[in-house]
Amino acid sequence: GTEWDCGGGICGYDYVIQCDEGGGGSGEGSGSSGGGVNTLPTGGGTTTVASPCKKFKKQQETYPDLKQALINLEATKTQNHENGIFINSSSSSIHDLPTTSVAGAAVGMPDLPTGVKYKVAGHTHDATGPNATGTYSIFSWGDLSRVASLIKSGQIDDEIFTLYLASADNTRYAITIDWPNSFANYFDVTYVPDDPTKNFNSKKYKELKETEDEYYKDGAIVGSGKIGLATNPQDDLIIFLKMIKELKLNVSLFQVDPTYSTFTKLTLSSNNTVELGTPCN
């Protein structure tokens with residue numbers, strides 16, 4: 001395969017730079033619902049990442065209790081706080097994420113033990129939220145940035161990792177990372193490429209905050225064009241798909257059935273309607 005040299009942290013740092021020869025480096029179309037394997041550049045070499053369908057299959061074969069654990073987790077979405085589960089490389093057991101009984105407290109992806117690789121993580125967005133109007137019907141910006149930080153610290157198993165979400169809005173999603181280093185670098189603010197003496201990129205932090213504010217809001221005004229705590233879940237889905245496409249985040253979003261057995265890839269058409277891929281079973 002082609003050897004890629006993206007200049008260490010440069011590839012993926014600029015929001016639009018792609019390390020590819022023919023314009024396909026954004027990863028769109030990669031991780032399709034078929035079997036197969038995607039060979040995606042991640043900076044400084046070639047990395048082979050399993051297709052999402054293969055990730056789902058491997059999870060279910062390796063962790064036969066996962067389906068029921070996710071079903072049980074989803075049943076807690078009516079509580080006044082988020083709950084979560086995870087599997088890491090320290091054992092094959094399914095663990096509960098640290099939680100709190102404080103209403104509106106977001107658990108999601110908290111600080112987790114170091115020295116292990118996370119294989120699966122799932123969490124809820126509860127029915128209460130910070131102002132009793134509920135929580136996001138789709139993955140939050142914080143969910144994405146937390147995964148990015150785990151990738152950056154080498155704590156994600158690229159060949160299997162999936163993040164699940166069940167919301168009180170009766171939505172059920174899974175997300176896989178198709179181009180891990182590019183995804184992590186997008187959110188990384190720990191350095192300034194032009195000045196190695198600076199370990200915090202305040203300019204990029206500000207840009208990321210502005211981008212977050214472009215797609216998310218904390219209010220509940222329906223029809224504002226932003227993902228809010230009480231906005232329409234179908235509108236939220238369209239905005240989220242638009243966001244991951246426009247920002248070239250190189251992730252795949254799937255709709256999950258109630259038994260956590262069937263995964264259907266969701267993409268956005270040219271006229272901003274949601275298209276369903278061939279389900280992974």
Side-chain angles (χ1 to χ4, degrees), residues 31 49-77 79 81-100 105-126 135-168 171-181 183-184 186-187 240 244 249-257 259-261 263 265-266 280:
V49 179
S51 74
C53 283
K54 287 202 168 187
K55 290 182 181 182
F56 299 136
K57 183 178 182 180
K58 184 175 181 180
Q59 289 168 26
Q60 296 186 5
E61 290 176 344
T62 308
Y63 307 109
D65 296 332
L66 178 59
K67 287 184 184 179
Q68 190 58 51
L70 289 166
I71 292 170
N72 295 344
L73 173 65
E74 183 175 347
T76 70
K77 66 188 181 184
Q79 296 180 2
H81 59 276
E82 295 186 7
N83 295 286
I85 60 173
F86 66 88
I87 303 171
N88 65 31
S89 59
S90 65
S91 73
S92 60
S93 300
I94 299 172
H95 306 278
D96 290 332
L97 283 170
T99 188
T100 173
V107 176
M109 296 287 290
D111 289 334
L112 296 169
T114 58
V116 293
K117 287 183 178 288
Y118 289 89
K119 297 174 179 290
V120 178
H123 69 293
T124 61
H125 283 178
D126 62 83
T135 47
Y136 294 126
S137 68
I138 195 109
F139 294 100
S140 69
W141 186 265
D143 294 336
L144 300 179
S145 62
R146 184 70 186 105
V147 171
S149 68
L150 289 173
I151 293 172
K152 200 69 180 177
S153 61
Q155 289 185 259
I156 291 295
D157 184 340
D158 296 340
E159 292 302 307
I160 194 171
F161 182 76
T162 301
L163 179 64
Y164 289 92
L165 169 68
S167 82
T171 58
R172 193 180 302 103
Y173 298 115
I175 203 167
T176 60
I177 315 300
D178 302 323
W179 189 352
N181 280 13
F183 178 80
Y186 179 85
F187 290 94
F240 187 85
I244 62 177
L249 292 183
N250 300 295
V251 300
S252 293
L253 179 70
F254 290 80
Q255 181 176 280
V256 186
D257 79 307
T259 67
Y260 289 86
S261 302
F263 308 87
K265 187 172 180 178
L266 305 173
C280 304

- Task: Could you list the residues that satisfy side-chain contact (heavy atoms from CB on, under 4.5 Å) with Asp257, not counting sequence neighbours?
- Result: Thr259, Ser261, Thr262
- Item | Set of residues satisfying side-chain hydrogen bond (donor to acceptor under 3.5 Å, both in side chains) with respect to Ser91, sequence neighbours excluded | His95
- Task: Supply the atom-to-atom distance Ser167 OG to His123 NE2, rounded to the nearest 0.5 angstrom.
- Result: 10.0 Å
- Task: Look up atom CD in Gln255 and atom NZ in Lys265, then write down how far apart they are to the nearest 0.5 Å.
- Result: 14.5 Å
- Qualifying residues under ring pair (Phe, Tyr, Trp, His ring centres under 6.0 Å), relative to Tyr173, sequence neighbours excluded: none
- Output all residues satisfying side-chain hydrogen bond (donor to acceptor under 3.5 Å, both in side chains) with Ser137, sequence neighbours left out; order by chain, then residue number. Asp236
- Would you check if the side chain of Thr162 reaches a backbone N or O of Ile175 as a donor-acceptor pair within less than 3.5 Å? no
- Nearest heavy atoms of Ile177 and Lys55, plus distance in Å: O-NZ, 3.2 Å
- Task: Could you pull out all residues at least two apart from Phe240 that satisfy ring pair (Phe, Tyr, Trp, His ring centres under 6.0 Å)?
- Result: none
- Item | Working for side-chain contact (heavy atoms from CB on, under 4.5 Å), residues Phe183 and Leu144 | CA-CA 9 Å; Phe183 178 80; Leu144 300 179; 4.1 Å; yes
- Ala184 and Lys152 have their tightest heavy-atom pair at CB-N, 4.2 Å
- Quick one: list whatever passes salt bridge (charged side-chain N to carboxylate O under 4.0 Å, His left out) with Lys119, sequence neighbours left out. Asp157
- Non-neighbouring partners of Ser90 that pass side-chain hydrogen bond (donor to acceptor under 3.5 Å, both in side chains), sequence neighbours left out: Asn88
- Query: Which residues satisfy the side-chain contact (heavy atoms from CB on, under 4.5 Å) test with Thr76, sequence neighbours excluded?
  - Reply: Leu73, Gln79, Asn83, Thr124
- Item | By side-chain contact (heavy atoms from CB on, under 4.5 Å) - contacts of Ala69 (at least two apart) | Ile85, Ile94
- Note on the structure: For Ser145, the side-chain hydrogen bond (donor to acceptor under 3.5 Å, both in side chains) test, sequence neighbours excluded, returns none
- Query: Do Asp143 side-chain atoms and Phe139 backbone N/O form a donor-acceptor pair below 3.5 Å?
  - Reply: no
- Item | Side-chain (Thr62) to main-chain (Gln59) donor-acceptor, under 3.5 angstrom | no
- Task: Give the intermediate values and the outcome of side-chain contact (heavy atoms from CB on, under 4.5 Å) for residues Cys53 and Phe263.
- Result: CA-CA 8 Å; Cys53 283; Phe263 308 87; over 6 Å; no
- Message: Using 0.5 Å steps for rounding, measure from the CD1 atom of Ile160 to the OG atom of Ser89.
- Response: 11.5 Å
- Task: Applying side-chain contact (heavy atoms from CB on, under 4.5 Å), name anything that partners Ala166, two or more places apart in sequence or on another chain.
- Result: Glu74, Tyr260
- Message: Please report whether the ring centroid of Trp141 lies less than 6.0 Å from that of Phe187.
- Response: yes
- Pairs where residues 58-72 contributes a residue and the test salt bridge (charged side-chain N to carboxylate O under 4.0 Å, His left out) is met, not counting sequence neighbours: none
- Item | Closest contact, heavy atoms only, Asp178 versus Pro52 | OD1-CG, 4.0 Å
- Query: What distance separates Lys117 NZ from Ile151 CD1, expressed to the nearest 0.5 Å?
  - Reply: 10.0 Å
- Can you find a side-chain donor-acceptor pair between Thr135 and Asp126 that sits under 3.5 Å? no
- Heavy-atom closest contact (Phe161 atom, Val147 atom, distance): CE2-CG1, 3.9 Å
